[in-house]
Asks: 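Following this message is one structure expressed as structure tokens.
When reading the values below, keep in mind they use all heavy atoms of this one structure, side chains included, and skip hydrogens, waters and symmetry mates. The sequence lines fix the lettering, A, B, ..., with proteins before strands; numbering per chain opens at 1. What you see is a predicted model, and the numbers here were worked out from it, not measured in a lab.
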Amino acid sequence: MDKTFQPANIETRWYEEWEAKGYFAPQGGEQAYSIMIPPPNVTGSLHMGHGFQEALMDALIRYHRMSGFNTLWQVGTDHAGIATQMLVERQLEAKGTNRHELGREKFLEKVWEWKEESGGTITRQLRRLGSSMDWSRERFTMDDGLSDAVQTVFIQLYREGLIYRGNRLVNWDPALHTAISDLEVISEEEKGFLWHFKYPLSNGEGHLTVATTRPETMLGDTAVAVHPDDERYKHLLGQTIELPLTGRQIPIIADDYVDMEFGTGCVKITPAHDFNDYDMGKRHDLPVINILDDNAAINNNAPEAYRGMDRDDARKQIVSDMDKLGLLEKVEDHTLKVPRGDRSGVVIEPYLTMQWYVDAKTLAKPAIEAVENGDIEFVPKQWENTYFSWMRDIQDWCISRQLWWGHRIPAWYDDEGNIYVGDNEAEVRSEHKLSDAVTLKQDNDVLDTWFSSALWTFSTLGWPEESEDLAIFHPSSVLVTGFDIIFFWVARMIMMTLHFRKEVPFHTVYVHGLVRDAEGQKMSKSKGNVIDPIDLIDGIALEDLVAKRTSGMMQPRLASKAEKSTRKQFPDGIDAYGTDALRFTYYSLASTGRDIKFDLGRIEGYKNFCNKIWNAARYVLMNCENEDCGLTDANDVDLTLADRWIMSKLQETKTEVAHAVANYRFDHASQALYEFIWNEYCDWYLELSKPVLWDESASEAAKRGTRQTLIRVLEECLRLLHPFMPYITEEIWQTVGPLAGKSGPTIMLQPYPVCQEQLIDTAANADTTWLKNVIIGIRNIRGEMNIAPGKELAVFLKDGDAEDKSRLEQNEVFLKKLAKLSDARWLAQGEEAPVCATALVGKLEILVPMADLIDKDAELARLAKETEKIEKDLARIQGKLSNPAFVDKAPAAVVEKEREKVTAQQQALEKLQDQAQRIREM
RNA sequence: AGGACUAUAGCUCAGUUGGUUAGAGCGCUACCUUGACAUGGUAGAGGUCCCCAGUUCGAAUCUGGGUAGUCCUACCA
């Protein structure tokens with residue numbers, strides 16, 4: 001074995017072997033356990049957030065696989081309609097062409113080509129992370145099978161009246177030329193202006209002043225509204241306004257939507273370009289005048305002067321024209337929420353178009369009930385509220401997208417505008433008995449990507465066929481996801497699955513936090529602060545990282561900012577930490593919080609942990625290989641206190657890990673393992689094994705016992721750790737497993753350790769605590785008194801009880817070795833010890849003679865520090881006990897405990913004071 | 001505007017049903033190349049548990065109010 005752990009040498013090798021041997025496939029077993037991967041964008045790449053999520057799922061999967069479940073991790077990707085189409089369009093643009101020149105069919109070929117070309121990135125990354133998904137079942141949302149599912153669902157929902165077509169205002173992305181759903185619109189505050197326009201009354205008797213943030217929409221105004229109770233304007237109701245620049249006469253109407261307090265209390269109403277105005281328009285039967293085209297330029301419904309102008313130019317022109325007419329009253333600075341497309345980043349227009357909708361309200365009802373009645377449970381629980389609040393006020397879902405990349409809507413239209421929905425044109429014709437003379441045209445649009453991913457849990461398993469996989473693995477066990485897609489995906493999956501399967505898609509939704517950078521910023525490509533998990537595994541030089549982060553950035557200003565912060569945050573680039581360290585870091589950060597700040601210090605620490613494990617294994621192998629480890633009954637085996645204690649601690653650790661995993665507290669699981677392996681097994685047990693193994697006089701049976709314990713505990717630790725650190729555990733287990741009497745080709749398929757109650761040994765725990773405290777007491781004196789670590793000490797023991805005596809007797813070897821003692825002798829009755837430094841363990845006094853190594857002042861200072869601590873504690877406890885209310889009302893056990901503390905602390909205090917006195921008298 | 005979450009050591013974070021001497025890792029200080037590991041060992045320093053009030057014998061923990069920050073939903077032209 002190498003002296004240090006070198007992850008790069010082993011990771012790929014093991015992954016290839018696991019995959020080749022088919023270990024990732026379900027292995028049978030009575031109970032099924034399945035997780036459906038949230039499908040990443042097929043042409044994208046994994047970032048730290050994905051890495052985190054995959055690590056969590058893999059831990060669950062490996063844990064349950066080892067625990068004997070019939071375990072399936074369903075893998076796959078989605079086609080990410082808008083994102084992918086945008087990317088390919090950009091590529092075409094670079095070549096000086098576009099999709100319209102290419103035509104639909106050719107364009108789609110290009111997209112498929114791009115998918116083939118870039119699709120490997122994600123799967124490569126998943127493999128590097130050690131994710132044990134069943135690759136033989138990989139699915140893609142645009143596969144034939146999944147496309148069938150999409151089509152079946154669409155047709156059935158249409159026939160049930162749960163999908164309909166409607167002409168309404170949608171969120172229109174003028175750059176991508178498609179409608180998008182409410183969820184794909186991000187509204188953020190931006191600085192803008194509030195323009196105040198005078199709208200003259202038609203009768204020439206003055207004007208009303210309206211305020212607007214979007215002057216260009218005035219061309220589509222069809223009314224001015226005031227509040228019905230507004231005394232200022234009551235007399236004007238029913239009159240009309242002469243809308244400037246258009247010459248149109250529009251009414252003054254009353255509607256209590258208007259806020260009297262805001263601005264002048266008069267609102268211009270543009271039903272075609274504002275959601276609220278649209279509703280108001282319906283209430284008042286106002287005409288709807290659309291003044292924009294698909295590009296959000298002014299169309300022919302507007303006065304000629306503005307036609308063809310881009311919306312921004314039109315805005316400037318209108319403001320200037322109004323000003324010239326003397327109708328611009330004032331302009332104020334104003335911050336407003338600007339809706340932008342989450343993909344394109346351009347300002348979204350409310351725009352009147354014909355689109356397809358899902359009746360979400362109907363589907364939501366059972367989906368709400370499923371969470372209310374506990375069929376689906378969110379972890380942490382509070383996310384259920386987020387889910388409810390959205391579901392109870394859900395809007396119909398616009399599912400058509402004016403794109404080419406996606407599932408084409410299976411609807412045909414004849415020349416009269418009749419709609420025929422069916423599997424294909426031929427079927428539609430025969431079903432509706434349409435003659436060949438009728439021309440049919442298929443809908444040009446495709447479905448929202450989320451429409452297909454909403455079917456993910458069952459479409460991946462073969463639906464609409466009633467496959468055996470469906471019967472076994474559906475509903476899935478748990479969905480692991482971020483809270484940012486509860487609405488996008490989780491809710492829609494629940495709705496669709498309940499409707500089509502009459503069962504839930506998963507029993508539990510485990511909602512994890514979002515990974516942020518060290519400054520708490522959300523990681524995003526546009527900010528240039530993303531980290532590719534592979535770069536943490538393999539490491540990356542600073543210059544490469546800077547290049548990676550700034551390449552392809554649209555705004556040079558942001559690029560230089562990204563470069564600056566990258567250089568500051570990673571002055572030396574990123575070290576190679578290996579997959580296991582990265583994964584363990586993820587687990588340690590997976591608490592219930594919403595934000596996870598990724599700190600390099602943590603991963604560094606866990607890299608060291610890997611090395612610690614590696615070296616512990618080296619030590620164990622050095623001592624156990626080619627030795628009798630007591631695995632057969634042939635020879636007697638004696639177990640020392642240390643052996644019994646570490647086995648007992650191991651059982652406690654198993655319980656802790658199981659409990660933590662059951663509650664999705666991976667931070668607790670990882671901490672329990674770290675704590676046990678480093679602070680108990682390495683720091684204490686390995687040290688305690690040395691006196692036995694290296695002591696000539698120790699019995700063979702005792703040595704066998706120690707070797708047996710060394711190897712067994714290590715082997716169990718490896719299995720316990722495997723779901724979290726797959727590579728290092730497999731590598732070491734290959735040698736350690738057989739030595740511990742285990743056989744099998746891989747640790748992956750070994751049983752996960754469970755607590756063996758009979759090995760919990762409270763007496764051994766107590767004895768070991770005592771032993772540790774004695775050793776720590778002596779070490780403390782060494783440290784504080786600056787006694788060289790190598791110098792052997794002869795100590796005296798005083799005042800102990802029978803238990804102290806027997807404990808010392810049984811553990812003298814351990815004590816001498818770990819505290820570096822040449823001797824430990826009880827003071828005889830009445831025997832005066834020389835002047836000593838003192839450590840207390842309960843009533844037992846440990847005396848380190850000060851002769852010739854003394855620093856009188858140092859010891860006095862040390863005693864003073866101890867004394868002060870105890871005095872403070874004592875004062876606190878005595879205060880409590882002198883309070884009659886406490887003594888009366890607190891449980892007797894609590895009071896008793898406090899009393900015992902007082903006694904113990906008083907005794908300790910006396911001893912320390914005695915000690916100080918003696919030293920002062922020296 | 002409504003709602004949620006967060007506030008604990010210099011940093012990143014744990015802290016179960018109220019009773020601990022409030023913990024871990026990193027960082028820091030001192031000492032140590034002892035036969036698994038210097039990616040290490042030993043010892044140590046470091047906290048007004050955001051503030052105020054309340055409940056209680058007892059509050060980091062429960063209640064109310066406040067401050068700061070983050071996020072979600074809705075939206076005022």
Side-chain angles (χ1 to χ4, degrees), chain A residues 1 3-5 187 194-195 210-214 217 225 257-259 261-270 274-277 334 336-337 380 382-383 385-386 389-390 393 483-484 486-487 514 516 518 520 522 581 585 588-589 591-623 659 663 665 667-668 671 674-675 679 682-683 686-687 690 694 776 779-790 820 869-870 872-873 876-877 880 883-891 893-895 897-898 901 905:
Chain A
M1 275 177 102
K3 201 174 165 187
T4 53
F5 174 54
S187 288
L194 196 56
W195 286 271
V210 298
T212 181
T213 54
R214 309 187 52 205
T217 61
Y257 157 78
V258 179
D259 179 359
E261 310 295 320
F262 190 89
T264 57
C266 302
V267 188
K268 61 190 271 309
I269 303 299
T270 324
D274 181 283
F275 288 99
N276 290 311
D277 292 6
H334 184 70
L336 69 160
K337 296 262 188 162
Q382 79 244 17
W383 291 110
N385 293 328
T386 309
S389 70
W390 189 69
D393 188 33
F483 57 80
D484 51 333
I486 289 179
F487 306 145
L514 254 40
R516 296 163 181 282
K522 199 168 168 176
T585 310
S588 72
L589 296 172
S591 57
T592 56
R594 228 177 26 187
D595 297 327
I596 294 161
K597 281 200 227 175
F598 196 86
D599 178 25
L600 275 190
R602 294 295 285 265
I603 194 171
E604 175 93 38
Y606 294 119
K607 185 181 113 188
N608 295 348
F609 181 46
C610 291
N611 191 55
K612 191 76 181 175
I613 296 166
W614 186 256
N615 275 288
R618 281 183 67 210
Y619 170 80
V620 173
L621 290 174
M622 278 175 196
N623 287 289
H659 186 253
N663 290 290
R665 287 303 302 266
D667 57 330
H668 288 171
Q671 211 196 326
Y674 184 96
E675 171 91 19
N679 301 118
C682 291
D683 283 353
L686 294 193
E687 295 308 318
K690 290 173 184 176
W694 297 347
I776 287 168
R779 282 176 178 171
N780 175 274
I781 293 172
R782 273 187 194 276
E784 299 269 302
M785 308 287 297
N786 279 320
I787 300 171
K820 271 246 152 114
K869 218 157 110 185
I870 291 176
K872 246 167 90 182
D873 196 36
R876 196 180 51 82
I877 304 170
K880 252 187 184 177
N883 180 356
F886 172 72
V887 181
D888 289 350
K889 294 188 182 173
V894 172
V895 177
K897 213 170 120 192
E898 297 297 314
K901 272 193 221 163
Q905 296 290 51

Asks: For a 4.5 angstrom cut-off between non-hydrogen side-chain atoms, does A/Lys690 reach A/Tyr619?
Replies: yes
Asks: Please state how far atom CD1 in A/Ile787 lies from atom P in B/rC32, giving the value in whole angstrom units.
Replies: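 Distance check: A/Ile787 CD1 to B/rC32 P gives 14 Å.
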Asks: Please give, in whole Å, the distance from B/rC75 P to A/Tyr257 OH?
Replies: 9 Å
Asks: Got a second to check how far A/Lys901's NZ is from A/Ile870's CD1, nearest 0.5 Å?
Replies: 13.5 Å
Asks: List for me each residue that meets side chain to side chain contact (heavy atoms under 4.5 Å, CB included) alongside A/His334, sequence neighbours excluded, and say none if there are none.
Replies: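 Residues passing side chain to side chain contact (heavy atoms under 4.5 Å, CB included) with A/His334: A/Leu194, A/Thr213, A/Phe262, A/Leu336.
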Asks: Please list each protein N or O that sits under 3.5 Å from an N or O in nucleotides 10-12 of chain B, with the distance.
Replies:
unit_1, atom_1, unit_2, atom_2, d
B/rU12, OP1, A/Lys597, NZ, 3.0
B/rU12, O2, A/Arg602, NH1, 3.2

Asks: Please state whether the phosphate of B/rG19, meaning OP1 or OP2, lies under 4.0 angstrom from any side-chain nitrogen or oxygen of A/Lys901.
Replies: no
Asks: Check the distance between B/rG19's P and A/Asp873's CG and give it to me in whole angstrom.
Replies: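 Rounding to the nearest Å, CG of A/Asp873 and P of B/rG19 are 16 Å apart.
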Asks: How many angstroms lie between CZ in A/Arg594 and CZ in A/Arg516, if you round to the nearest 0.5 Å?
Replies: 7.5 Å
Asks: In what stems does RNA chain B take part, counting only runs of at least 3 consecutive Watson-Crick or G-U pairs whose two distances fall under 3.5 Å?
Replies: B:1-7 with B:67-73, B:10-13 with B:23-26, B:28-32 with B:40-44, B:50-54 with B:62-66
Asks: Within the side chain of A/Asn615, is there an N or O that forms a donor-acceptor pair under 3.5 Å with the backbone of A/Thr4?
Replies: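 The answer is no, because no donor-acceptor pair under 3.5 Å joins these two groups.
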Asks: Return the CZ to NZ distance between A/Arg779 and A/Lys820, rounded to the nearest 0.5 Å.
Replies: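 Reported to 0.5 Å precision, the distance equals 11.0 Å.
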Asks: For nucleotides B/rA30 and B/rG69, find the distance between their C1' atoms and express it as a whole number of Å.
Replies: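 To the nearest whole Å, 39 Å.
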Asks: What is the nucleic acid contact for A/His659, judged by heavy atoms within less than 4.0 Å: base, sugar-phosphate only, or nothing?
Replies: nothing
Asks: Nearest-Å distance, CD1 (A/Ile877) to C1' (B/rG58)?
Replies: 14 Å
Asks: Treating A/Asn883 as the side-chain partner and A/Ala885 as the backbone partner, does any N or O pair qualify as donor plus acceptor under 3.5 Å?
Replies: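 It does hold such a pair.
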Asks: Would you kindly give the OH-to-P distance between A/Tyr674 and B/rA24, to the nearest whole Å?
Replies: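 Distance, rounded to whole Å: 11 Å.
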Asks: Considering only the P atoms, how many Å lie between B/rU16 and B/rU33, rounded to the nearest integer?
Replies: 43 Å
Asks: Using whole Å, what does the distance between atom C1' of nucleotide B/rG2 and atom CG of A/Asn385 come to?
Replies: 14 Å
Asks: Round to the nearest Å and state the distance from A/Lys880 atom NZ to B/rG58 atom P.
Replies: 11 Å
Asks: How close or far is atom C1' of B/rU20 from atom NZ of A/Lys897, stated in whole angstroms?
Replies: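 After rounding, the gap between these two atoms is 8 Å.
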Asks: What closest approach, in Å, do A/Val210 and A/Lys268 show between heavy atoms, and which atom pair accounts for it?
Replies: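 Closest approach of A/Val210 to A/Lys268: CG1-N, 4.0 Å.
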Asks: Please measure how far the C1' atom in B/rC72 lies from the corresponding atom in B/rU39, and state the result in whole Å.
Replies: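 To the nearest whole Å, 42 Å.
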Asks: Kindly indicate whether the side chain of A/Thr217, heavy atoms from C-beta on, has any atom under 4.5 Å from the side chain of A/Asp274.
Replies: no
Asks: For B/rU16, does OP1 or OP2 lie under 4.0 Å from any side-chain N or O of A/His668?
Replies: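 Indeed not, no polar side-chain atom of A/His668 lies that close.
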Asks: Taking distance alone, no hydrogens or angles, what donor-acceptor pairs closer than 3.5 Å link side-chain atoms of residues 596-605 of chain A to residues at least two apart or in another chain?
Replies:
unit_1, atom_1, unit_2, atom_2, d
A/Asp599, OD1, A/Gly601, N, 3.4
A/Arg602, NH2, A/Ser588, OG, 3.4

Asks: Sticking with atom C1', work out how far B/rG15 lies from B/rG3, rounded to a whole angstrom.
Replies: 27 Å
Asks: Within the 4.5 Å heavy-atom criterion, are A/Asn608 and A/Lys612 side-chain neighbours or not?
Replies: no
Asks: With heavy atoms under 4.0 Å as the rule, sort A/Leu686 into base, sugar-phosphate or nothing.
Replies: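 The residue A/Leu686 makes base contact.
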Asks: Which whole number of Å gives the distance between the C1' atom of B/rG27 and that of B/rA9?
Replies: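 These two C1' atoms come out 11 Å apart once rounded.
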Asks: Regarding A/Pro891, tell me which of base, sugar-phosphate or nothing describes its non-hydrogen contacts under 4.0 Å with the strands shown.
Replies: base
Asks: Counting only side-chain heavy atoms from C-beta out, which of B/rA77, B/rA36, B/rC57 sits nearest to A/Lys268?
Replies: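 Per side-chain heavy atoms of A/Lys268, the pick is B/rA77.
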Asks: B/rU21, OP1 or OP2 - any side-chain N/O from A/Arg876 closer than 4.0 Å?
Replies: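 Affirmative; the distance criterion is met.
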Asks: Drop me the distance from A/Asp595's CG to A/Leu589's CG, to the nearest 0.5 angstrom.
Replies: 12.0 Å
Asks: Please produce a list of atom pairs where a protein N or O lies less than 3.5 Å from an N or O of nucleotides 67-73 of chain B.
Replies:
unit_1, atom_1, unit_2, atom_2, d
B/rU70, O2, A/Arg594, NH2, 2.7

Asks: For a quick check of understanding: with a heavy-atom distance under 4.0 Å over all strands, which category does A/Cys266 fall into, base, sugar-phosphate or nothing?
Replies: nothing
Asks: Students often get this wrong, so: under 4.0 angstrom with heavy atoms, is A/Glu687 touching a base, only sugar-phosphate, or nothing?
Replies: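 If one applies the 4.0 Å heavy-atom cut-off, A/Glu687 turns out to touch a base.
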Asks: Suppose you measure atom C1' in B/rC49 against the same atom in B/rU6; what distance do you get, rounded to whole Å?
Replies: 14 Å
Asks: Looking at A/Asp873 and A/Lys869, would you say the former's side chain and the latter's main chain have a donor-acceptor pair under 3.5 Å?
Replies: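 Not a single qualifying donor-acceptor pair exists.
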Asks: Within the 4.0 Å heavy-atom criterion, would you say A/Val620 contacts the bases, only the backbone, or no part of the nucleic acid?
Replies: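 Nothing, no heavy atom under 4.0 Å.
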Asks: Kindly give the atom pairs (protein nitrogen or oxygen, nucleotide nitrogen or oxygen) under 3.5 Å for nucleotides 38-48 of chain B.
Replies:
unit_1, atom_1, unit_2, atom_2, d
B/rA38, OP1, A/Lys3, NZ, 3.4
B/rU39, O4', A/Asn608, OD1, 3.1
B/rU39, O2', A/Asn611, ND2, 2.9
B/rG40, OP1, A/Asn608, ND2, 3.0
B/rG40, O3', A/Lys612, NZ, 3.1
B/rG41, OP1, A/Lys612, NZ, 3.0
B/rG41, OP1, A/Trp678, NE1, 2.7
B/rA43, O3', A/Asn780, ND2, 3.4
B/rG44, OP1, A/Asn780, ND2, 2.8

Asks: For the atom pair NE2 (A/His668) and CD (A/Glu675), what is the distance rounded to the nearest 0.5 Å?
Replies: 12.5 Å
Asks: With nearest nucleotide decided by heavy atoms, which residue, A/Ser591 or A/Lys889, maps closer to the 5′ end of RNA chain B?
Replies: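 The answer here is A/Ser591.
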Asks: Using the C1' atom as the reference point in each nucleotide, state the distance between B/rA59 and B/rU34 in Å, no decimals.
Replies: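 The same atom, C1', in both gives a distance of 48 Å.
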Asks: Are A/Asn623 and A/Trp694 packed together at the side-chain level, in the sense that at least one heavy-atom pair is separated by less than 4.5 angstrom?
Replies: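 Result yes, sub-4.5 Å side-chain heavy-atom pair found.
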Asks: Would A/Trp694 count as stacked on B/rG35 if the rule is ring centres under 5.5 Å and plane angle under 30°?
Replies: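 Stacking is present between B/rG35 and A/Trp694, given that their ring centres fall under 5.5 Å apart and the planes under 30°.
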Asks: If you check every side-chain atom of A/Arg618, which of B/rC57, B/rA77, B/rA36 has the closest atom?
Replies: B/rA36
Asks: Using the C1' atom as the reference point in each nucleotide, state the distance between B/rG19 and B/rG64 in Å, no decimals.
Replies: 24 Å
Asks: Do the rings of A/Tyr606 and A/Tyr674 sit parallel, tilted or perpendicular, given the 30° and 60° boundaries?
Replies: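 Plane angle over 60°, so perpendicular.
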Asks: What distance do A/Trp390 atom CH2 and A/Ile486 atom CD1 have between them, rounded to the nearest 0.5 Å?
Replies: 11.0 Å
